[in-house]
Amino acid sequence: NIPPTANAGEDVVVSSSVFIQLDGTSSREPAGIISRYHWVQTAGNPVEIVNPGAAITALNNIQKGSYSFRLTVMDDKGGVSSDEVRIEVK
């Protein structure tokens, strides 16, 4: 089994007035399908990840500051991969 490749997106700097979402749809699985997405916050003041089990999810209660989020994907054969994204809110 070739494990999937998680892709949490590019690190970004955004204004606090914009809608912010996490997007893991660039994750790839060459030998099957991605059966599970899971987002967790790894740094910054706590925010709400609206749907941590979705490929794309919104963030609520995000304020100015630095945040990091880890995306873990699992394929239909149990292969796992993780990637992190950093968001700087100005």
Side-chain angles (χ1 to χ4, degrees):
N1 179 36
I2 300 171
T5 302
N7 185 336
E10 296 294 319
D11 293 349
V12 293
V13 176
V14 296
S15 163
S16 61
S17 63
V18 301
F19 175 76
I20 301 172
Q21 66 182 15
L22 301 173
D23 185 345
T25 58
S26 292
S27 299
R28 296 288 173 248
E29 169 46 68
I33 61 168
I34 294 177
S35 58
R36 182 171 178 236
Y37 293 84
H38 185 69
W39 292 97
V40 294
Q41 184 175 353
T42 58
N45 290 328
V47 300
E48 177 191 3
I49 301 172
V50 174
N51 186 351
I56 299 174
T57 187
L59 298 173
N60 284 340
N61 305 321
I62 194 161
Q63 304 294 320
K64 291 180 181 179
S66 296
Y67 301 87
S68 293
F69 300 89
R70 180 184 306 120
L71 171 64
T72 301
V73 296
M74 179 181 290
D75 68 17
D76 55 338
K77 296 175 182 71
V80 176
S81 176
S82 294
D83 187 37
E84 289 211 14
V85 63
R86 179 177 149 88
I87 299 173
E88 178 79 25
V89 181
K90 298 274 183 183

Trainee: Do you know the tightest heavy-atom contact between Tyr67 and Gln41?
Mentor: CD2-NE2, 3.6 Å
Trainee: Which value, rounded to the nearest 0.5 Å, describes the distance between Ser68 atom OG and Asp11 atom CG?
Mentor: 7.5 Å
Trainee: Tell me every residue that passes side-chain hydrogen bond (donor to acceptor under 3.5 Å, both in side chains) with Thr57, counting only those two or more places apart in sequence or in another chain.
Mentor: none
Trainee: Once salt bridge (charged side-chain N to carboxylate O under 4.0 Å, His left out) is applied, what residue pairs with a partner in residues 79-90 remain, sequence neighbours excluded?
Mentor: Arg70-Glu84, Arg86-Glu88
Trainee: Would the number of heavy atoms belonging to other residues, nucleotides or ligands and lying under 6.0 Å from CD1 of Ile2 be above 12?
Mentor: no
Trainee: Give me each pair satisfying salt bridge (charged side-chain N to carboxylate O under 4.0 Å, His left out) with a member in residues 17-42, each pair once, sequence neighbours excluded.
Mentor: none
Trainee: Testing the basics here: between Lys77 and Ala31, what is the closest heavy-atom pair and its distance to 0.1 Å?
Mentor: NZ-O, 3.0 Å
Trainee: Where do Ile33 and Asp75 land on the side chain to side chain contact (heavy atoms under 4.5 Å, CB included) test, with the steps shown first?
Mentor: CA-CA 6 Å; Ile33 61 168; Asp75 68 17; over 6 Å; no
Trainee: When you group the ILVMFWY residues by side-chain heavy-atom contacts below 4.5 Å and let the links chain together, are Val47 and Leu71 in the same group?
Mentor: yes
Trainee: Apart from Val13 itself, which Ile, Leu, Val, Met, Phe, Trp or Tyr residues share its cluster (side-chain heavy atoms under 4.5 Å, direct or through members)?
Mentor: none
Trainee: Excluding sequence neighbours, so at least two apart, what forms side chain to side chain contact (heavy atoms under 4.5 Å, CB included) with Ala58?
Mentor: Phe19, Val50
Trainee: Picking from Ser35, Ser82, Pro3, Ser27, what satisfies side chain to side chain contact (heavy atoms under 4.5 Å, CB included) with Val73?
Mentor: Ser27
Trainee: Considering all heavy atoms of both residues, which atom of Gly24 and which atom of Trp39 are nearest to each other, and what is their separation?
Mentor: N-CZ2, 3.5 Å
Trainee: Closest heavy-atom contact between Val85 and Gly9?
Mentor: CG2-O, 3.8 Å
Trainee: Partners of Val14 by side chain to side chain contact (heavy atoms under 4.5 Å, CB included), sequence neighbours excluded?
Mentor: Val12, Val18, Ile20, Ile87, Val89
